[in-house]
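The structure under discussion appears below in the form of structure tokens.
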Amino acid sequence: MAQSPKKVIWWIRRDMRLIDNPVLTNDIDRPLLVCPVFVIDPTLIGKYSAHNIRLEFMFNSLRSLNADIENEGGRINIHYGNPHEIIPVIYSEFGASEVRAQYDPSQVSRIRDTKIGKLVPLKLTSGLSVVGASDVRSQSDKAYKIFTPFYKSWWNKAIYNSSKLPKINGEIQFTNFGDPSILNKFLSNSNKQFPASEIEAQTRLNSFLSLTKSPTLGMVKYKSNKDRLDKIGTSQLSPYLRFGLISPRLVVNKAFDVLTRNPEFTSEVSTWISELAWRDFYIAKASNMHEFEDVNFTEYFPWRLDFEQYQSWCFGKTGYPIIDAIMRQLRIEGWISNRARMLAASFLTKQLLIDWRWGANWFMQHLIDGDSFANDGGWKWIAGVGAGAAPFFRIFNPIVQAKKYDPNGEYVRRWVPELSGLPSPYVHEPWLLTNGQRLDNKMNGYPLPIVDLHEARDRALTTYKKLRATT
DNA sequence: TCTCTTGTTGGCTGG
DNA sequence: CCCAGCCAACAAGAG
Ligand SMILES: Cc1cc2nc3c(=O)[nH]c(=O)nc-3n(C[C@H](O)[C@H](O)[C@H](O)COP(=O)(O)OP(=O)(O)OC[C@H]3O[C@@H](n4cnc5c(N)ncnc54)[C@H](O)[C@@H]3O)c2cc1C
């Protein structure tokens, strides 16, 4: 009587969720028996230290997902090794009809998937972005290189895609073989700031979008708060989106919903939605890499190979309080706001003229949401690399920016304890104090600026100008 | 194919 | 005090 289920493998990657996961679509009239598999690939995790905050978040997410699947009577099959060896074995042992995975356009994934696709029927599904790269094309069917036209074309498709929610789904069962205890070998410190679970991601989204009376934070105040360093004016959903604990199209769907019902917040909500569009934009850029000629700028640029200054930047000892606060927050919390990322990146690439790839690499080591699409995209944009990037003369002044986005110096005092005793005008410019005052404030250990801002600005302008002339 | 408009996030200067 | 003009060009994309 009971219909035999269709057996599929769910190769879990950046889609660690049960809610709105296209991989789990069942549109046939018999049950789907899903065998969830996660492969810990040493070549991927080996790039990072054992205490890496993002890996920790990933393993915690996996534990949480496993608990959710156990509630449904199943269990994740966790393996350690090379996916192209492991996946085919499980595939044939389980007798699956296909292996499903979320499409990931990064270079590593594409190479890996091509290889595995030759060994098993690999069905790659959408879900990483709101709108797939191949669905946002210019009139002449080319990939967009700049954001604004991409965004215009993206908008309607995003409304359409996200309106297809929720999907009516057929019955799904999970297999319960395999031994998840291997997870115990990996990092498990709990991160209080970013608890790794689907439910946490949903809670964050809802509270960010909620329309409480006289709110001081959240979507309703997004535009005025998003750049403030002394507040958390954004959703902090980035790590959850990074590992797919929440579906981007569901996020956008809820945001569109708020938009439709509350036209008075149109400007705030659409600004926030545009950030999700940036996320899609950078993913699409990676998907369409083959359509972009290589930009030689990065290779030819006379980046300064100043390892000492690079280290000062990394460890928050540049002598510019706002930059140092940012770099210390990054290393301790693994999350910094978009404004903070821009300031840090601009300082490294413009003021210090150090290769953006050094900075991007450091970010990837320390960001809990570190993601090659957005990270490379952000760094290139700031460094002025590629079409649509910031013009070369757009150089942030850390003092001006600090006064604007950390007006009372609270952010600096929180992250740079050497300066915690300084009153407002000095907290952003401690070099204005006399030696005696520096001693009195017990801030002797705090360094003097490693570059002169005006000289550095002139140097950046001439260097960028010169390269333009020679390429 | 040609033409026209435009491009996330800034800072400094001189009137 | 404010703010227009400038720091350069150029490629992307619409029509
Ligand atoms: C130099 C640099 C490096 C960056 N590196 C990363 C990275 O490694 N991983 C990452 O997720 N984002 C990165 N960003 C983009 C952005 O800074 C973060 O996504 C954002 O600060 C995350 O905070 P939030 O979730 O509170 O954002 P919100 O403002 O609440 O935005 C919601 C979501 O939209 C997406 N988003 C927002 N801004 C951007 C953007 N500029 N580009 C792409 N997606 C965006 C994120 O997924 C974010 O979670 C980088 C930006 C710069 C300038």
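Owing to the predicted nature of the structure, the values given are computational and were not obtained by experimental measurement. What you see below is based on every heavy atom in this structure, not just the backbone, and it leaves out hydrogens, waters and symmetry mates.
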Handout entry: Rounded distance (Å) that lies between atom P of C:dA14 and atom NZ of A:Lys152
Key = 9 Å

Problem - Length of the line joining A:Phe297:CZ and C:dA11:C1', which is rounded to integer Å - result: 15 Å

Practice task
Taking atom P in both B:dT6 and C:dA8, compute the distance separating them and give it to the nearest angstrom.
Solution key: 23 Å

Problem - Below 4.0 Å: OP1/OP2 of B:dT9 and any side-chain N or O of A:Gln401 - result: no

Problem - Aromatic contact, A:Phe265 with A:Trp272 (centres under 6.0 Å) - result: no

Completion exercise
A:Arg137 atom CZ is separated from C:dA12 atom P, nearest whole Å, by 14 Å

Exercise for the section: Could you tell me if the ring centre of A:Phe347 sits under 6.0 Å from that of A:Tyr320? Expected result: yes

Handout entry: Distance, C1' atom - from B:dT5 to C:dA9, rounded to whole angstrom
Key = 15 Å

Completion exercise
Winner on side-chain proximity to A:Phe393, out of B:dG11, B:dG7, C:dA8, is C:dA8

Problem - A:Ile354 side, atom CD1; A:Leu348 side, atom CG - distance, nearest 0.5 Å - result: 5.0 Å

Practice task
Determine, answering yes or no, if A:Phe147 is stacked on B:dT8 under the 5.5 Å centre rule and the 30° plane rule.
Solution key: no

Practice task
Would you confirm whether the ring centroid of A:Phe281 sits within less than 6.0 angstrom of the ring centroid of A:Phe373?
Solution key: no

Problem - A:Lys465 side chain, from C-beta outward: closest of C:dA14, B:dG10, C:dA8 - result: C:dA8

Practice task
Would you please confirm or rule out a distance under 4.0 Å between OP1 or OP2 of C:dA14 and any side-chain N or O of A:Tyr144?
Solution key: yes

Handout entry: Presence of salt bridge, A:Glu333 and A:Arg328, under 4.0 angstrom
Key = no

Exercise for the section: Quickly work out the A:Trp379 CH2 to B:dT8 P distance and round it to whole Å. Expected result: 20 Å

Completion exercise
Out of C:dA12, B:dG10, B:dC12, minimum distance to the side chain of A:Lys145 belongs to C:dA12

Completion exercise
By the Watson-Crick or G-U definition, both distances under 3.5 Å, C:dC6 is matched with B:dG11

Exercise for the section: Verify whether the ring centers belonging to A:Trp379 and A:Phe363 lie closer than 6.0 Å. Expected result: yes

Practice task
Would you mind classifying the nucleic acid contact of A:Ala143 as base, sugar-phosphate or nothing, using non-hydrogen atoms under 4.0 angstrom?
Solution key: sugar-phosphate

Exercise for the section: Grab the CZ-P distance between A:Arg339 and B:dT8 for me, whole Å please. Expected result: 15 Å

Handout entry: Integer-rounded Å distance: B:dG11 P and A:Ile399 CD1
Key = 11 Å

Exercise for the section: With the side chain of A:Ser138 defined as its heavy atoms from C-beta on, choose the nearest nucleotide among C:dA14, B:dT8, B:dG11. Expected result: C:dA14

Fill in the blank from the handout: Of the listed B:dG11, B:dT9, C:dG13, the closest approach to the A:Pro149 side chain comes from C:dG13

Handout entry: Atom-to-atom span, OH of A:Tyr464 to P of C:dC10 - whole angstrom
Key = 18 Å

Problem - Phosphate OP1/OP2 of B:dC12 contacted by A:Asn397 side-chain N/O (<4.0 Å) - result: yes

Exercise for the section: Rounded to whole angstrom, note down the P distance from C:dC10 over to B:dG11. Expected result: 26 Å

Handout entry: Selected nucleotide, minimal atom distance to A:Trp278 side chain, candidates C:dG15, B:dT8, B:dG11
Key = B:dT8

Problem - Side-chain donor or acceptor of A:Tyr310 paired with backbone N/O of A:Trp358 under 3.5 Å - result: yes

Exercise for the section: Verify the contact: side-chain N or O of A:Arg394 to OP1 or OP2 of B:dG11, cut-off strictly under 4.0 Å; return yes or no. Expected result: no

Exercise for the section: Could you measure between the two P atoms, the one in B:dG10 and the one in C:dA11, and give it in whole Å? Expected result: 25 Å

Problem - A:Phe392, nearest nucleotide to its side chain (from B:dG11, C:dA8, C:dG13) - result: C:dA8

Fill in the blank from the handout: Rounded to whole Å, the CG-P distance (A:Leu343 to B:dT8) equals 19 Å

Handout entry: Interatomic distance at C1', B:dT1 relative to C:dA12, whole Å
Key = 16 Å

